[in-house]
Amino acid sequence: MASGTASRSEDEESLAGQKRASSQALGTIPKRRSSSRFIKRKKFDDELVESSLAKSSTRVKGTSGVESGRCSGSEPSSSEKKKVSKAPSTPVPPSPAPTPGLTKRVKKSKQPLQVTKDLGRWKPADDLLLINAVLQTNDLTSVHLGVKFSCRFTLREVQERWYALLYDPVISKLACQAMRQLHPEAIAAIQSKALFSKAEEQLLSKVGSTSQPTLETFQDLLHRHPDAFYLTRTAKALQAHWQLMRQYYLLEDQTVQPLPKGDQVLNFSDAEDLIDDSKLKDMRDEVLEHELTVADRRQKREIRQLEQELHKWQVLVDSITGMSSPDFDNQTLAVLRGRMVRYLMRSREITLGRATKDNQIDVDLSLEGPAWKISRKQGVIKLKNNGDFFIANEGRRPIYIDGRPVLCGSKWRLSNNSVVEIASLRFVFLINQDLIALIRAEAAKITPQ
């Protein structure tokens with residue numbers, strides 16, 4: 001077996017040597033086939049050396065071969081033959097390579113002009129108004145006060161826009177392009193709104209205020225001073241501005257009359273004293289009066305509810321602060337004391353239960369703890385004329401008195417220090433013995449009679 005394998009390897013080596021010799025004679029290296037599978041066969045040492053030599057020689061020969069093929073017209077490779085066979089048979093003349101200088105110029109001419117800043121809030125009409133007004137008055141403050149733009153601009157914005165039109169080449173170029181695209185009628189309307197300069201107002205102020213100038217008068221003024229007036233001024237526009245100047249006493253023959261001095265000046269307080277209050281009509285607003293009455297009624301209702309809940313809040317305050325008042329006073333018959341709160345019995349009959357918006361009771365057991373199992377009217381405690389206290393159960397759940405259940409519809413006598421348990425809430429019932437003794441004495445006096 002060893003001799004067989006050795007002979008096979010020698011045959012393979014001789015075949016490989018013959019192939020390499022033939023390829024070197026032809027000047028080409030055969031392309032090694034490679035599998036597209038993920039796992040490939042391991043190469044031996046001699047194959048690794050051959051593949052690296054083949055790759056380096058193909059890279060060098062490939063570049064030189066392509067250039068020599070293009071220049072001298074040598075034979076193309078097998079892959080190039082396939083591409084040529086697929087291409088049409090008509091010859092294609094090679095295009096001349098352009099010079100780098102020309103390509104740069106063409107690219108620059110094809111690139112569109114990129115605008116980095118837009119006009120923003122400033123319209124072309126606003127820019128034209130601004131330019132005309134500044135040329136007329138030479139004062140940005142007057143322009144801000146006298147020119148009506150498409151939207152409201154502050155004095156700072158007007159100044160910044162004027163400086164941008166003067167010194168920013170991008171904005172000025174965009175603004176000029178936009179103003180050139182305006183319609184001639186729009187341009188004429190904008191120019192007609194140009195402010196009057198000081199020279200124009202000086203010429204108009206010479207026209208007398210007492211005279212009755214006509215359109216011919218102002219037309220003659222235009223003909224006599226063509227350089228002083230703006231190019232779009234008309235006789236009608238001059239007449240309207242002259243009337244405005246006369247209204248504000250800006251003509252040469254007009255003087256502003258000073259205010260009269262002395263007691264004849266009527267101030268605001270004097271004028272208010274002269275007004276008769278009885279003559280002023282008192283307009284009654286029925287809707288407002290109705291809303292006020294409804295609000296007043298709602299506030300009074302809330303005040304009554306707070307007054308009714310005052311004793312409950314007092315119980316909570318006493319339990320938190322720990323400064324509770326003495327158990328009994330001259331009006332307290334008994335006390336139902338719990339772990340958190342203390343209920344005072346000051347009438348001969350009180351009701352126990354859970355208070356709601358629709359059901360108001362005397363003793364709200366929800367202040368002591370969870371009372372969702374307690375009925376809205378759980379029970380009633382009454383004082384008899386002989387001084388005995390009785391509790392009657394009117395709820396669904398039983399009431400335990402010293403561990404004894406009192407079912408619904410039943411009643412039980414309460415003594416001093418009795419433990420009352422209602423739905424896991426425990427209370428101690430304390431009786432004011434002094435006050436009860438007085439009640440029993442009065443009852444004993446009444447019974448013999």
Side-chain angles (χ1 to χ4, degrees), residues 268-269 271-384 389-397 399 408-409 411 420 422-425 427 429-430 432 435 439:
F268 181 78
S269 59
E272 191 177 7
D273 293 337
L274 294 175
I275 296 174
D276 190 2
D277 295 337
S278 61
K279 294 181 180 180
L280 297 176
K281 293 182 180 180
D282 187 11
M283 301 296 293
R284 296 183 60 185
D285 193 350
E286 296 181 357
V287 178
L288 179 61
E289 290 181 358
H290 176 69
E291 291 179 357
L292 291 174
T293 52
V294 170
D296 184 48
R297 197 180 305 153
R298 189 185 302 115
Q299 290 175 357
K300 288 180 179 178
R301 190 186 305 117
E302 292 177 357
I303 290 171
R304 284 197 297 269
Q305 290 178 358
L306 291 173
E307 288 177 351
Q308 292 175 1
E309 296 175 358
L310 187 60
H311 64 283
K312 300 178 183 178
W313 294 107
Q314 185 63 40
V315 170
L316 290 175
V317 170
D318 293 343
S319 64
I320 293 171
T321 58
M323 299 173 62
S324 59
S325 58
D327 290 336
F328 303 112
D329 53 12
N330 296 330
Q331 298 178 354
T332 304
L333 300 173
V335 174
L336 191 65
R337 175 181 286 179
R339 186 174 60 88
M340 298 294 294
V341 294
R342 184 168 53 92
Y343 302 98
L344 304 179
M345 183 177 177
R346 293 183 175 179
S347 60
R348 288 181 172 269
E349 181 178 347
I350 59 172
T351 56
L352 312 175
R354 176 169 49 85
T356 59
K357 291 182 179 180
D358 302 331
N359 183 33
Q360 297 295 330
I361 56 176
D362 298 326
V363 178
D364 185 10
L365 299 177
S366 61
L367 298 175
E368 174 67 18
W372 56 277
K373 292 183 178 179
I374 298 174
S375 301
R376 284 177 290 183
K377 189 176 181 181
Q378 183 66 42
V380 179
I381 298 177
K382 291 183 180 180
L383 174 63
K384 299 292 185 179
F389 290 89
F390 285 88
I391 183 170
N393 188 0
E394 297 184 1
R396 296 181 180 179
R397 295 182 178 273
I399 299 175
C408 179
K411 60 182 179 179
V420 181
I422 306 172
S424 72
L425 298 179
F427 303 92
F429 187 73
L430 302 174
N432 190 354
L435 190 58
I439 291 174

Within-4.5 Å side-chain heavy-atom neighbours: [X] and [Y]:
X	Y	result
Lys384	Phe390	yes
Phe389	Met345	yes
Lys382	Val380	yes

Straight-line distance of [X] [atom1] to [Y] [atom2], nearest 0.5 Å:
X	Y	atom1	atom2	value
Thr356	Arg376	OG1	CZ	5.5 Å
Asn432	Leu333	CG	CG	7.5 Å
Arg396	Cys408	CZ	SG	9.5 Å
Leu365	Ile374	CG	CD1	4.5 Å
Arg354	Asn359	CZ	CG	8.5 Å
Leu352	Leu336	CG	CG	6.5 Å

Heavy atoms only: give me the nearest [X]-[Y] pair and the separation to one decimal.
X	Y	value
Ile361	Asp364	CD1-CA, 4.2 Å
Asp362	Glu349	OD2-O, 4.0 Å
Arg337	Arg342	NE-CD, 4.0 Å
Gly395	Ser375	CA-OG, 3.7 Å
Asn393	Ile399	ND2-N, 3.6 Å
Tyr343	Leu367	OH-CB, 3.8 Å

Is the number of heavy atoms from other residues, nucleotides or ligands within 6.0 Å of CD (Glu286) greater than 12?
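Open: at most 12 neighbouring heavy atoms sit under 6.0 Å from CD of Glu286.
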Can you tell me if Arg346 has over 12 outside heavy atoms packed within less than 6.0 Å of its CZ?
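It does: Arg346 CZ has more than 12 such atoms within range.
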Going through the checks in order, is the side-chain contact (heavy atoms from CB on, under 4.5 Å) test met by Glu291 and Asp296?
CA-CA 9 Å; Glu291 291 179 357; Asp296 184 48; over 6 Å; no
Between Glu394 (side chain) and Gly379 (backbone), is there a donor-acceptor pair under 3.5 Å?
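Checked: no pair found.
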Residues in salt bridge (charged side-chain N to carboxylate O under 4.0 Å, His left out) with Asp285, at least two apart?
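With neighbours one apart ignored, the set is empty.
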